[in-house]
Amino acid sequence: MPIAPVTIRPADAADLPAMVGLLGELFALEADFQPDPAAQARGLALLLGDPRARLLVAEAGGQGVVGMCSGQMLVSTAEGGPAAVVEDVVVLPGWRGRGVGRALLDAVAAWAAGRGAVRLQLLADRHNAPALAFYARTGFASTQLVCLRRRETPGA
């Protein structure tokens with residue numbers, strides 16, 4: 001089967017259903033999260049409207065959205081400058097190993113660099129060996145930091 005060309009572009013509201021589906025694929029693999037289409041749609045809509053965020057999709061000619069990722073800017077006091085958090089890197093299973101994930105990471109890195117980011121960081125499920133190997137191949141390295149989280153109730 002010939003490989004359709006893939007275009008990386010900023011996401012828009014019309015991409016929400018495809019991105020919710022991709023997040024369902026991702027969260028089915030991660031122990032800390034469960035797919036919740038309504039929650040994922042709300043989160044994606046917030047990213048679309050946030051000037052400190054970039055939501056990207058990989059679109060294959062005639063086959064629609066086959067991958068996505070996001071970046072969000074923050075300030076690192078350790079680095080003394082902007083840093084970017086990369087999230088939701090996911091590619092449909094049939095499109096993995098074709099450079100789509102790398103193209104998405106390169107595009108979000110370029111966006112972050114254009115905003116002065118001195119560091120990219122991301123979280124990955126510790127048991128997702130293929131994802132960890134992919135990130136290592138793209139220049140990410142593990143740190144001594146441990147991710148902790150606490151759930152909050154908005155407005156409480």
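The shown structure was predicted, so the numbers you read here are calculated from the model rather than taken from an experiment.
Of all the heavy atoms in L132 and A124, the pair that sits closest is CD2-CB, 3.7 Å. In terms of heavy atoms, D88 sits closest to S70 at OD2-OG, 3.8 Å. Closest of all the heavy-atom pairs between A84 and A117 is N-CB, 4.3 Å. In terms of heavy-atom proximity, A58 sits nearest to V100 at CB-CG1, 3.5 Å.
In this structure, the side chains of N128 and E30 stay at 4.5 Å or more apart for every pair of heavy atoms. Between V66 and R98, every side-chain heavy-atom pair lies at or beyond the 4.5 Å cut-off.
One hydrophobic cluster holds both L47 and V90 under the rule that ILVMFWY side chains link at heavy-atom gaps under 4.5 Å. Note on M73: it clusters hydrophobically with V86, by side-chain heavy-atom contacts below 4.5 Å among ILVMFWY residues.
Residue L123 is found outside any hydrophobic cluster, as its side-chain heavy atoms come under 4.5 Å of no other Ile, Leu, Val, Met, Phe, Trp or Tyr. Under a 4.5 Å side-chain heavy-atom cut-off, the cluster of Ile, Leu, Val, Met, Phe, Trp and Tyr residues that includes L148 is completed by V146. Chaining together hydrophobic side chains whose heavy atoms lie under 4.5 Å apart places L74 alongside V85.
Sorted by first and then second residue, the ring-ring contact (aromatic ring centres under 6.0 Å, His included) pairs with a member in residues 35-82 form an empty list; sequence neighbours excluded. Each ring-ring contact (aromatic ring centres under 6.0 Å, His included) pair with one or both residues in residues 98-122, not counting sequence neighbours, would appear here, but there are none. Legend: ring-ring contact (aromatic ring centres under 6.0 Å, His included) pairs involving residues 41-86, not counting sequence neighbours: none detected. Sorted by first then second residue, the ring-ring contact (aromatic ring centres under 6.0 Å, His included) pairs that include residues 22-76, not counting sequence neighbours, are F27-F33.
Checked against side-chain contact (heavy atoms from CB on, under 4.5 Å), S76 has the following partners two or more places apart in sequence or in another chain: A78, E79, A83, R119. A search for salt bridge (charged side-chain N to carboxylate O under 4.0 Å, His left out) contacts involving E87 returns nothing, not counting sequence neighbours. For Y135, the ring-ring contact (aromatic ring centres under 6.0 Å, His included) partners two or more places apart in sequence, or in a different chain, are F140. Partners of R151 according to the salt bridge (charged side-chain N to carboxylate O under 4.0 Å, His left out) rule, which considers only residues two or more places apart in sequence or in another chain, do not exist here.
Panel note: side chain D125, backbone A31; a donor-acceptor pair is recorded below 3.5 Å. Although no hydrogens or angles enter the test, the distance criterion places a donor-acceptor pair under 3.5 Å between the side chain of R96 and the main chain of V91.
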Handout entry: Verdict with reasoning, L48 to L44, per side-chain contact (heavy atoms from CB on, under 4.5 Å)
Key = CA-CA 6 Å; L48 282 174; L44 290 166; 5.6 Å; no
Handout entry: R137 vs R102, side-chain contact (heavy atoms from CB on, under 4.5 Å): CA-CA, chis, key distance, verdict
Key = CA-CA 9 Å; R137 287 191 307 274; R102 182 177 293 270; 4.0 Å; yes
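Applying side chain to side chain contact (heavy atoms under 4.5 Å, CB included) to V108 and the options I8, L56, L55 leaves one that passes, L56.
Taking a 6.0 Å sphere around CZ of R126, one finds it holds 12 or fewer heavy atoms contributed by other residues, nucleotides or ligands.
Atom CG of L105 and atom CG of L122 lie 7.5 Å apart (nearest 0.5 Å).
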Distance-only check: which donor-acceptor pairs under 3.5 Å involve side-chain atoms of residues 15-25, not counting sequence neighbours?
unit_1: D15; atom_1: OD1; unit_2: R9; atom_2: NH2; d: 2.8
unit_1: D15; atom_1: OD2; unit_2: R9; atom_2: NH1; d: 2.8
unit_1: D15; atom_1: OD2; unit_2: R9; atom_2: NH2; d: 3.3
unit_1: D15; atom_1: OD2; unit_2: D12; atom_2: N; d: 2.9

